[in-house]
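For reference, the structure is listed below as structure tokens.
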Number of protein chains: 2
Amino acid sequence: MRSHYCGQVNETLADQPVTLCGWVHRRRDLGGLIFVDMRDREGIIQVVFDPDQQAIFADANKLRQEFCIQVSGKVSLRPESQVNAQMATGKVELIASELTIISRAEPSPIDFNQHVSEEARLRYRYLDLRRPDMNHNIRFRARVTSAVRRFLDEQGFLDIETPMLTRATPEGARDYLVPSRTHNGKFFALPQSPQLFKQLLMMSGFDRYYQIVKCFRDEDLRADRQPEFTQIDIETSFMSAEQVRAVTEQMVQQLFRDLLQVELGEFPTMTWHEAMRRFGSDKPDLRNPLELVDVADLLKDVDFKVFSAPANDAKGRVAALKVPAVADQISRKNIDEYTQFVGIYGAKGLAWLKVNDIDAGRDGLQSPILKFLPDDVVSELLSRLQANSGDIIFFGADKANIVAEAMGALRLKLGETFGLVADGWQPLWVVDFPMFEEVEDGLTAIHHPFTAPVGVTPAQLQADPANTLSNAYDMVLNGVEVGGGSVRIHDSDMQQTVFNILGIGEQEAREKFGFLLDALKYGTPPHAGLAFGLDRLVMLMVGASSIRDVIAFPKTTTAACLLTDAPGYANDDALQDLGISVNLDAEQTNDGQA
Amino acid sequence: MRSHYCGQVNETLADQPVTLCGWVHRRRDLGGLIFVDMRDREGIIQVVFDPDQQAIFADANKLRQEFCIQVSGKVSLRPESQVNAQMATGKVELIASELTIISRAEPSPIDFNQHVSEEARLRYRYLDLRRPDMNHNIRFRARVTSAVRRFLDEQGFLDIETPMLTRATPEGARDYLVPSRTHNGKFFALPQSPQLFKQLLMMSGFDRYYQIVKCFRDEDLRADRQPEFTQIDIETSFMSAEQVRAVTEQMVQQLFRDLLQVELGEFPTMTWHEAMRRFGSDKPDLRNPLELVDVADLLKDVDFKVFSAPANDAKGRVAALKVPAVADQISRKNIDEYTQFVGIYGAKGLAWLKVNDIDAGRDGLQSPILKFLPDDVVSELLSRLQANSGDIIFFGADKANIVAEAMGALRLKLGETFGLVADGWQPLWVVDFPMFEEVEDGLTAIHHPFTAPVGVTPAQLQADPANTLSNAYDMVLNGVEVGGGSVRIHDSDMQQTVFNILGIGEQEAREKFGFLLDALKYGTPPHAGLAFGLDRLVMLMVGASSIRDVIAFPKTTTAACLLTDAPGYANDDALQDLGISVNLDAEQTNDGQA
């Protein structure tokens, strides 16, 4: 029905006949002519209907926005004065000689030029996806997956599908459950990741696996979360952590080179401890030049408990964050606001010090806590922070993890507020994570319980789990964790030890992971892998502000689909077949209609 | 950890050092030497351990089947007499100088050389997948998906993901339901296909879509069905049925050319009516030369109600099936067995006639029904069937659909039994299906309710639905339907008319498909598509006898995973969050343990 896409028509086709199919993007009537911007997935071209073409002019006059049409005509160079350099097709226009109205359109609830509510966008998603920017995002995503697959195919990775109807996995989030009709009373879980299956594939000898695969988490959603999301899932055998990082780094480099013409260069590597120390984050945005500076040693003896207590606590931390040359732009109101902000992360307050005049001694400084700081402390502090007139310094003093979180978040906020974040791309590998972190009732795995520790025997791990590092790695890009992975445990003793430390008894381990413990007995190869969050990676690459803008049919933050009105009610026969019933009170409480 | 894969080591590497990783496939001790067939995903190589290599010989002596090892050594040409022409590595062997035992293996429950129960194969799937043939199947599948994607990418198709958590779809099979935690009392359905979403993507203007995607049907399983299966899903805009067939035919041709070195040639096209008439099947296996021949016109007036009744019924059919030159191989017992066989398909009997001597008149014929057939009928019958001495003729006489099913199935059985099925590949397009078929309580859609009729207005369709053809097409290969699709309705009046005919009232249509009917109002492009069953296509291509042999982690016929023991019990808190409870009696009935 067409000879070209609209967006492909340019001056090389001048004076040639073409036939196009697409949508009326805009119509203007000018000087007796009708101008239609006609759109298809490849772009927009201007079509001109001349009243001399009597046979079609009457039809052209019926055209409204979003009509689906087929137009034939001759490509004509525009006069120099009318060339639109912004458009790929801007040097030409199509002089229409034939027109077919394929489908009419009612007035669209989605106006591309106006702000439309998120609700309307999701409800009329098929129209929202016609927006040129949404079209670009979804097409870009297809190019990303295609490029990723080509790269991994070439590197000998095998695309192998793992089950969607499976057993609850141990990622720790809530599973989506699927009641079984043939085994009433039992449930499948939708996978939070194919973690154990990809490890089993290594045990089967496939050596290099990948899959671009849907994963599911039934969690309360934030702006950048969706109940179903997509992973680029990778696993390898007989490769070291360094080799896995090298091949996936190369993949991302090539992706940026081919799709964005960006050279990312070699990714620096930073230990988790350094990242937490300097940036208060395990995914530091290196485009932001601000850094935390530890000052506990200077403040151990000051007569100010807020500082001295954490400074003398092995689990405490006192860190300073200097923002250069903005002291005069920060009011008391701003500081109150920042104090409230760090409060979200558990900080009980936010001490600060303005350096109004570095050469004026104490008189040049302004701070509610200045009175607690002896001269020598002040001077060492200013020197360590390389402070200058006009700088402001914030202090975090608390448990180390609270200081890191609160000051790490403040660092990002201040960098944003004062325009300190550089343009461009800053990739980073974060490595040497601790194996475990303390939670109320013991230890929990920072990655997942199949992550291998670095350089210890099972006995050594059991003896000092809190200080053992894991062979895990995260790929961070502009402060976003785009991927994470690890070397896995390939020894059943070590696996059982990790379960022990996590408080998973032998019986529970056997019940939940018996098949994995069994599988480890039959010549398991060393293996390691990584998973990328595809949605987040694409979101970063296209510069979208919401993950919903890179997913064709996303859910709302209450995990509903406004387009199809899912979830919906099930009929009683179906529920009876499944051997389940709906609790009436729950039904009424959460939904309001029974 | 390796320099090469085992399967890649050949004479070009003679005298060079290599390092390999893999598994002990077989060990033999011979003349004081230890020979190990070492396996990885690329193949098997013979490794020789010589007692002169004292440092490693003791370790080599510990090797058992399925140990995971790393071996270094020098590649050596085998003496001419020991060359194994069956193996890619058969001209060489590796003289080991270093050996690391990476992981030991307990004796494997999966013996590659013995018959192992299906249950053991599924329970120890990670070991079963080490079998060279299973390794081949799964790797071949990855090559298929990779080739399909490359082809479709090149043709401008966009890989776009559609939701897994969605609304019940109208394919007619039972849905898997997923209870919603945030909307208690409501359920998502897992998709039976992305049908409506891909149509919406066409309305969004993406023009060419594809996805290799998991689909779900909660049906009682047969050998070639799985609760989750994979579709190569395709949709296009502004393309005719012929164009869709052309591009997908080219895809399958290229797949066979690149992966099997088979030239399929141009696919013939056959109408549904012709297929039913000649082969009693909408997916005829053209490798089988047997054909049904209609003979109702000859038998209208015979004094044998079994024939004359259907011969005079507009909905009846009488068809003959001649099997050449096997009359003397078919006993009464065989015929009884065939009679029972066609009974499965609803046939009440199976008339037959043996042509013992074509030149001997009635005396040369043998048949219990001969007495009912006058001479002229017999002679016209034999002539129409081009019968010869030694042939046997079977008759089906009943409702047309029963005759087609029963005689179509008998045709396949007899073709198989007497080795009449030719080697090679016989592709075919079946087109011009009826829109609807009669069921007890009205009409049902033969494809799905979004399939466009051929050449009628909504009013014409409403007036004579039973005789309207649909613009649907199936791709058939060696008697297997590997793909099916259609031109879709892109007009809301037509869509509403089809719903009416199917007895879906306006309210029900609005409730279930309101979003589709709405979407059809906004400039819908003409669109058409097709979906291939990936599992079945791969199964055909590798010659597997079960769909389970081309799926890494399949379910049993009761939809369970023996490996992970899924489905499993859910904990009470989870069920409470979901607002559902398990019916105790159902739990006990189906599962035996509460």
Honestly, the part of Leu165(B) sitting under 4.5 Å from a heavy atom of chain A is both
Checked Ala552(B), Pro525(B), Gly22(B), Ser180(B) vs chain A; the most non-hydrogen pairs under 4.5 Å come from Pro525(B)
Of all heavy-atom pairs linking Thr182(B) and Thr558(A), the shortest is OG1-O, 2.9 Å
If one checks every heavy atom of Arg141(A) against chain B at 4.5 Å, the contacting part turns out to be side chain
If one checks every heavy atom of Pro554(B) against chain A at 4.5 Å, the contacting part turns out to be neither
Among Ile101(A), Thr230(A), Val213(A), the residue with the most heavy-atom pairs under 4.5 Å to chain B is Thr230(A)
*asked:* I want to check something: taking the side chain as every heavy atom from C-beta on, are Leu201(A) and Leu129(B) in contact at a cut-off of under 4.5 Å?
replied: yes
Of the listed Arg208(A), Gln243(A), Arg64(A), the one with the largest count of heavy-atom pairs under 4.5 Å with chain B is Arg208(A)
Value for CG (Leu127(A)) from OG (Ser204(B)), rounded to nearest 0.5 Å, stands at 7.5 Å
Looking only at Ser108(B), Ser146(B), Ser237(B), most heavy-atom pairs under 4.5 Å shared with chain A are made by Ser146(B)
Turns out that what part of Thr564(B) lies under 4.5 Å from chain A's heavy atoms comes down to both
Comparing Ile212(B), Ile69(B), Asp218(B) against chain A, the one with the most heavy-atom pairs below 4.5 Å turns out to be Asp218(B)
Given the options Arg2(A), Arg139(A), Arg39(A), Asp207(B) meets salt bridge (charged side-chain N to carboxylate O under 4.0 Å, His left out) only with Arg2(A)
Check: Does a side-chain heavy-atom distance below 4.5 Å link Leu158(B) with Ile138(A)?
Finding: no
Turns out that what part of Asn135(B) lies under 4.5 Å from chain A's heavy atoms comes down to both
Between Thr166(B) and Ala566(A), the two heavy atoms sitting closest are C-CB, 3.8 Å
Under 4.5 Å to a heavy atom of chain A? For Leu562(B) that would be neither
Side chains of Phe187(A) and Leu575(B) in contact at under 4.5 Å (non-hydrogen atoms)
yes
message = Set out, in order, the CA-CA distance, both residues' side-chain angles and the distance that settles side-chain contact (heavy atoms from CB on, under 4.5 Å) for Phe216(A) and Val178(B), then state yes or no.
response = CA-CA 12 Å; Phe216(A) 303 84; Val178(B) 183; over 6 Å; no
If one checks every heavy atom of Leu563(A) against chain B at 4.5 Å, the contacting part turns out to be both
Counting heavy-atom pairs under 4.5 Å with chain B, the top scorer among Glu66(A), Arg149(A), Lys512(A) is Arg149(A)
So CZ of Phe515(A) and CZ of Arg125(B): to nearest 0.5 Å the spacing works out to 15.0 Å
Notebook entry, point to check: Can you find a heavy atom in the side chain of Leu190(B) that is under 4.5 Å from one in the side chain of Phe188(A)?
Noted result: no
| said: Between Glu228(A) and Pro163(B), is there a side-chain heavy-atom distance shorter than 4.5 Å? | reply: yes
Of all heavy-atom pairs linking Leu177(A) and Pro179(B), the shortest is O-CD, 3.2 Å
The complete set of salt bridge (charged side-chain N to carboxylate O under 4.0 Å, His left out) pairs with one or both residues in residues 556-568 of chain B, sequence neighbours excluded, reads none
The interface call for Cys561(B) against chain A, heavy-atom contacts under 4.5 Å, is neither
So OH of Tyr569(A) and NE2 of His183(B): to nearest 0.5 Å the spacing works out to 10.5 Å
For Trp23(B) and Met203(A) the tightest heavy-atom approach is CZ2-O, 4.3 Å
From the list Asp40(A), Thr162(A), Asp491(A), the residue making the most non-hydrogen contacts under 4.5 Å with chain B is Thr162(A)
Counting heavy-atom pairs under 4.5 angstrom with chain B, the leader among Met239(A), Arg130(A), Arg131(A) is Arg130(A)
Cut-off 4.5 Å, heavy atoms of chain A, and the answer for Gln211(B) is neither
With a 4.0 Å cut-off on N to O distance, would you call Arg181(B) and Asp220(A) a salt bridge? yes
Answer yes or no: is there a side-chain heavy-atom contact under 4.5 Å between His490(A) and Cys68(B)?
-> no
Interface check, chain A: of Ala560(B), Ala105(B), Gly523(B), Ala570(B), most non-hydrogen pairs under 4.5 Å belong to Gly523(B)
Bottom line for Lys214(B): the part with an atom under 4.5 Å from chain A's heavy atoms is side chain
Output for pair (Thr145(B) OG1, Asp153(A) CG), nearest 0.5 Å, gives 7.5 Å
When the 4.5 angstrom heavy-atom criterion is applied to Arg174(B) and chain A, the contacting part is side chain
Answer key: most heavy-atom pairs under 4.5 Å with chain A among Phe157(B), Tyr176(B), Phe206(B) is Phe206(B)
**Asked** Is the closest side-chain heavy-atom distance between Thr524(A) and Tyr126(B) below 4.5 Å?
**Response** no
Below 4.5 Å, heavy atoms only, C-beta onward: do Pro526(A) and Met1(B) meet side chain to side chain? yes
ask   = So, Asp518(B) and Arg123(A), do they make that salt bridge, N to O below 4.0 Å?
value = no
Okay, Glu219(A) and chain B: the region with an atom under 4.5 Å from a heavy atom over there is backbone
* Mind checking whether Tyr124(B) and Tyr522(A) have parallel, tilted or perpendicular rings, split at 30° and 60°? -> perpendicular
Heaviest contributor of heavy-atom pairs below 4.5 Å to chain B, chosen from Pro227(A), Ala574(A), Ala559(A), is Ala559(A)
Given Gly205(B), Ala142(B), Cys21(B), Gly568(B), the one with more heavy-atom pairs under 4.5 angstrom with chain A than any other is Gly568(B)
